[in-house]
There are 2 protein chains.
Amino acid sequence: MSRPAAPRVTIRDVAAAAGVSVTTVSHSLNGKGAVDPATRARVKQVAAQLGYRASRAAQALRAGRSGTIAFVIPSVGAVAEEREMLSLDYYMQLASAAARVAFTRRHPLLLPPPIETLDDLRELGVDGAILCDPARDDPRIALFEELGLPIVTIERDLGRPDHRWYVEGDNRGNMRLLLDHVAAAGGRRIALLSADSTWSWSADNEQAYRAWCEEHERTPIVEPTSLRHLETSAYDRACALLDRPDRPDAIIALAERYATGVVRAARERGLRIPQDLLVAGGIDSHQAAEGDPPITAIDLQPELQGAAAAALLVALTEGERPEAPRIVPSRLRVRASTQRT
Amino acid sequence: MSRPAAPRVTIRDVAAAAGVSVTTVSHSLNGKGAVDPATRARVKQVAAQLGYRASRAAQALRAGRSGTIAFVIPSVGAVAEEREMLSLDYYMQLASAAARVAFTRRHPLLLPPPIETLDDLRELGVDGAILCDPARDDPRIALFEELGLPIVTIERDLGRPDHRWYVEGDNRGNMRLLLDHVAAAGGRRIALLSADSTWSWSADNEQAYRAWCEEHERTPIVEPTSLRHLETSAYDRACALLDRPDRPDAIIALAERYATGVVRAARERGLRIPQDLLVAGGIDSHQAAEGDPPITAIDLQPELQGAAAAALLVALTEGERPEAPRIVPSRLRVRASTQRT
DNA sequence: CTGAAAGCGCTTACAG
DNA sequence: CTGAAAGCGCTTACAG
């Protein structure tokens, strides 16, 4: 059974133990004011010894801020679909990295309920948010701005070229890298299962794909694929592609889980990967890495993106004007699905 | 660009607008004290009109609690593996449901960094935690109790039969249901890929499996499978099973993603599912539902489990002594992998 | 270099 | 039924 809660160690306790005022404790611990270095050191030591940590509630009240930030995943239709989004490796890695950095900066990350109205947002009571993959003119950005709250997006809102607080990968460069790689692996007719959304990530990738095709004098083959029921949608689109008389010999499956659907469609048709069909993913995942076969994919390095977004957001909540946007480097993970050797 | 933050509407503003004292506002809004019904109604209306919401920071400071709770996922080895856990459908659905309920009860759910020491926990500053799948004698439970903080587990700690604050499914009943179903579908030699852990969920399932085998005079075939690299581990174990001279004609793949590994192993050997091999999962997921073939599985109803855990925990933080443990009903989802018709 | 005091926005014991 | 006041634990402008 749990014992009664230990009474909290407050700044007064530290002050008493160190024989100074609470002002001096506060200054010492926060690196503010002009405190005798010896005093500062002693205060720090006493505080550590007593296991003192400033009350987040008190700090928040004093500062007039909540000290928390929200992590908001993309909304794709109804709640049931949100769950599918939530369990994607990419978002979970973003969330986990963002949580770690935010926490270090004394801004715990919280998992919010869906935000649709200004009232929802007021009720949420956060100092700001990280919003993943905003739709074009995402209404949630407007809500935050309405309340004067900073919002950092991962990927950008195509309807707001002025909103520069975002983090993203070099989407166009990544798509070119992927295409060059697939072409070098022998892909002649390279199709794209694009993500049917208004996300900048989708648009950037598709645009780069089309530009690359034009430069290389190849006919673009684009199949817009739903972001709901990722695997099944991709399977359907891949079937359509593979049943064409001029079927592609390579498919780039843009969104997470798309590749699994492509692999299934290929298998059903007796097409071997990579011998008969090259497959590559626009975004890496556990499933891509451990699937059968393992799928070559772009690793957007969500740990770096999430960390960058959190750092940016915390800086904004503190009134700073940090450098933005931030472009995070990505990596091409080459795997069996594009290696014919 | 974002406008300056709107000044917060405080209880004083409401009091002034309603022409009463802050005491009366507080009482009216919180249903406390003896307030004239007409006054109460007026205050509520004015508050709503001004868009007033009590400052969580102020309430937390007053109450001496933080007003937040942590959602802690199982630790399986290093950080990299935690990420794999985090992106499982099951935990995400738990988290999402728990977040919703907790938020409604004014206890936002936060995503904590790993908790290993008492200091980590103090630094975290939450009022309690929901801990998923505790290991036997999970050290984190002891840490919370050390600080007098309530902790609700999803599944129970096998080393602490006294800790009754948990939520779980009817694991043994579920396994029997699954076995009866698989046997009815024609399974004669039914093997179990069990989860190699000290979780109660694993233990309950394995125990029920063995008991069922004994009752039905069948030889148990148990392959303990690692919880790291779920799919690959399951693939390896399934290969071992399927290469035995007396290979099973049915495999129960306990943990999430195990079934995918089993399917791969079967396919490589030219075994058709369900004709040559029945496959069922101990836990449902998107992957199971949308895979090829769709996999019969137990749906633990994580939305209900997460909601129950949050409700239980919030009650505990408020000093109540709610009914516990709570057993949440599960569902058998029958799919193509066990239907030979 | 140090400290007394005000005040952030609540809730509640208490007085009327 | 209503309200004035104390106090939760901080930070900071200000005085010394």
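Labels below follow one simple rule: chain letters A, B, ... track the order of the sequence lines, proteins then strands, and each chain is numbered from 1.
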I'd like to know if the side chain of A:Ser28 reaches the main chain of A:Thr24, judged simply by a donor and an acceptor atom lying under 3.5 Å from each other, with no hydrogens or angles considered. yes
Scoring nucleotides 9-16 of chain C by protein non-hydrogen atoms under 4.0 Å (B base, S sugar-phosphate only, - none) yields BBBBB---
Does B:Gln301 reach the main-chain N or O of B:Pro329 with its side chain, forming a donor-acceptor pair under 3.5 Å? yes
Less than 4.0 angstrom from a charged side-chain N to a carboxylate O is my criterion; do A:Asp119 and B:Arg53 meet it? yes
Please determine whether a side-chain nitrogen or oxygen atom of A:Thr24 lies at a distance below 4.0 Å from atom OP1 or OP2 of C:dG3. yes
Shortest non-hydrogen contact from A:Phe71 toward A:Pro112: O-CD, 3.2 Å
Any carboxylate oxygen within less than 4.0 angstrom of a Lys/Arg side-chain nitrogen, looking at A:Arg164 and A:Glu323? no
Just to be sure I follow the notation: if a pair is Watson-Crick (purine N1 to pyrimidine N3 plus N6-O4 or O6-N4) or a G-U wobble (N1-O2 and O6-N3), each under 3.5 Å, what dot-bracket string does DNA chain C give, with | for pairs to another strand? |||.||||||||.|||
Steps toward side chain to side chain contact (heavy atoms under 4.5 Å, CB included) verdict (A:His27, A:Leu29): CA-CA 6 Å; A:His27 281 161; A:Leu29 263 29; over 6 Å; no
Quick check: does any side chain N or O of A:Arg42 sit under 3.5 Å from a backbone N or O of A:Ala18, one acting as donor and the other as acceptor? yes
Under 4.0 Å between a side-chain nitrogen and a carboxylate oxygen: does that hold for B:Arg140 and B:Glu146? no
